[in-house]
2 protein chains.
Amino acid sequence: MSDNDFTIADRIQQQLDQLTRAERQLAHTILENYPASGLGPLSTLAKGAGVSAPTVARMVQKLGFGGYPEFQAELREELKAKAKGPIAKHDTWTKGASSGHVLNRFTDAVIDNIRHSLGQIDTATFDAACALLVDADRPVSIVGGRITHTLAEYLFLHMQVIRPDVTHIESTSNTWPHYLLDVTGNDVFVVFDMRRYENNTLRLAEMAHAAGAKIILFTDQWRSPVHRVADMTFSSRIVAPSAWDSMATPLLLIETMISAMQDLNWDNTRGRIERLEDMFDQTKLFRKFT
Amino acid sequence: MSDNDFTIADRIQQQLDQLTRAERQLAHTILENYPASGLGPLSTLAKGAGVSAPTVARMVQKLGFGGYPEFQAELREELKAKAKGPIAKHDTWTKGASSGHVLNRFTDAVIDNIRHSLGQIDTATFDAACALLVDADRPVSIVGGRITHTLAEYLFLHMQVIRPDVTHIESTSNTWPHYLLDVTGNDVFVVFDMRRYENNTLRLAEMAHAAGAKIILFTDQWRSPVHRVADMTFSSRIVAPSAWDSMATPLLLIETMISAMQDLNWDNTRGRIERLEDMFDQTKLFRKFT
DNA sequence: AAATTTTTGTAACGTATCTAACAGGATGAC
DNA sequence: GTCATCCTGTTAGATACGTTACAAAAATTT
């Protein structure tokens, strides 16, 4: 924006002296509860300020707008920019790179995704999901799709440490029926399904649901059809300036959930981690020092 | 106010399930930049959401408003009330949760990681790495560790679409020597190694280096020992309030790189994507509609 | 595979909204 | 005190807006 960095409120304040009595009266009503008052119909604003409608129309023209609708449009723009919040303020993430560099553009998009997605999460549901998943009496199965199976496996690898009886169902496998044989109302299924939604995943979820299992779904903002049979749904924004979607937000969610589960189940997890470390030591898989 | 403590955004969120496809699409656009989008003319909102005007009118009625103007009036009321309150606080990511909730703590940490990591990236190196990886004359091998092989596979799945001659070396496999047999100075290795650094990964990197291959390393802030033989190193901060590390920042980096590579190689990638889509259609793997 | 229900868009209508023109009123100059 | 100028409200018209009715399309059921 060219003439910007000045809000409309600033502009009104600035020109306050050049305004006439009725116009000043009006200006004060606008600033009173800014910007809400300016976003309603012209007549309401006029009545609220105790002036006539044309006075309003004249003033906005005096302020340099083409008309009242244009004035409102700019007010909305301002509001939109403000709602982006403080973090949106940053100039560039990577210094030395133009704001047009893909690193900055992509990061912008992901941060935006995170903000939107996190804002929509119901913490009660989140906590309930964690509680369900650490319940050692309930077998847990995790399933993903063509791309999302990497997320599924990531969750699986960590849950494996936190508790026993966790299974990762490979998406491409033909062995699904076997997994479903012994499913009861006690089972919990974690399903990943982002666009493009996969038929196989939907069928598996439906079968698990029919068997009475609880279903926790991770999906995108548009929601996989699986959500119709899901007991809990977590949706993330995944749009990115790319031909593909960004899994960064879903990953963040999963990691947070892992962290929460670990806390819920720390007494057991601690012992399991220690035993795991021992075994790693024996296989010399990892280096002892940096 | 009577029905208060629930914002309109909450109400939309709550009824999201009872909405139809077009209405959900619309709901998302409203929430996208809330409340600004809802304060403009109905037709603008409809166009922005890609739905028809009546769909908007119908939805606001479904939500319990007498009509679009009434809906806008309540939005303005909400805005007015918000402006009154203590200076708009966006210090928590998930509304309704204390700032001490794990969702907020974890997200804070990840955003912090992103800021630090992105700030340290040299864009020249980044661009060079992308250029190296889209060079179809150079075979690319991708390798990860116990946890990071999920990242490796994520990169692999996408690069497979962008270009031919990409291999994912499974970390647990004993077949590494086979992969290394034909390695020349033309090869490029992408290595993932986060703490705890794995001996196998280091050995493989050393052997590839000895054969003259280029090595691109993704590691954490402390840097895997692999970096001694790496031509390019990208390090991310991975600390999180958890017993485990966060892969969100490395994932962001990888996704950005995928996006950059796609742009560099768009002419070829486009054709590959189309052929891939065709094959998906034939296997009926994905659903045609939402 | 056909039929019914639901959803979605197009078109037309009535209305609320904004603006332009005009006239009455206030303010200041001489 | 009278005139000129500027400001403000009333009236009326044009336009854009939201809504209703209808038809096409999609989805679901039989």
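Nothing here was measured: the structure is a model prediction, and the numbers come from that model. In the text below, chain A, chain B and the rest are named by the order of the sequence lines, each starting its count at 1.
Nearest-nucleotide mapping onto DNA chain C: of A/Leu42 and B/Ala53, the residue sitting toward the 5' end is B/Ala53. With DNA chain D read from its 5' end, the first of the two nearest nucleotides for A/Lys62 and A/Pro54 is the one closest to A/Lys62.
Note on B/Glu70: nothing from the nucleic acid sits closer than 4.0 angstrom, heavy atoms only. No contact: A/Gln25 has no heavy atom under 4.0 Å from any strand.
Nucleotides of DNA chain C lying under 4.0 Å from heavy atoms of chain A occupy a range whose first and last members, 5' to 3', are C/dT17 to C/dA20.
Among D/dC7, D/dC17, D/dG9, the nucleotide with an atom closest to any side-chain atom of B/Ser43 is D/dC17. Which of D/dG18, D/dC7, D/dT10 sits closest to the side chain of A/Thr20 comes down to D/dC7.
Between A/Phe192 and A/Phe218, the ring-plane angle classifies as parallel under the 30° and 60° cut-offs.
When each of A/Val140, A/Ile142, A/Val188 is checked for a side-chain contact (heavy atoms from CB on, under 4.5 Å) with A/Ile216, only A/Val188 meets the rule.
Within the 4.5 Å cutoff, the side chain of A/Met247 has heavy atoms near those of the A/Met194 side chain.
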Salt bridge (Lys or Arg N to Asp or Glu O under 4.0 Å), that's the test. Do A/Arg237 and A/Asp220 meet it? Break it down for me. CA-CA 6 Å; A/Arg237 264 201 15 171; A/Asp220 55 41; over 6 Å; no
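One interatomic measurement links the two molecules: CZ of A/Arg228 to P of D/dA27, which rounds to 11 Å at whole-angstrom precision. Note: CD (B/Glu23) to P (D/dA27) measures 15 Å, nearest angstrom. Separating the CZ atom of B/Arg24 from the P atom of D/dA26 is a distance of 17 Å, rounded to the nearest angstrom. What separates NZ of A/Lys47 from P of D/dT10 is a distance of 12 Å, to the nearest Å.
For A/Thr55, no side-chain nitrogen or oxygen approaches OP1 or OP2 of D/dC7 to under 4.0 Å.
Ion pairing of B/Glu23 with B/Arg58 is absent here, as no side-chain N (NZ or NE/NH1/NH2) approaches a carboxylate O to less than 4.0 Å.
The base of D/dG9 sits with one of its N or O atoms less than 3.5 Å from a complementary donor or acceptor on the side chain of A/Arg58.
Using modelled atom types and a 3.5 Å distance limit, the side chains of A/His149 and B/Glu153 yield a donor-acceptor pair. A side-chain N or O of A/Asp127 and one of B/His101 form a donor-acceptor pair less than 3.5 Å apart.
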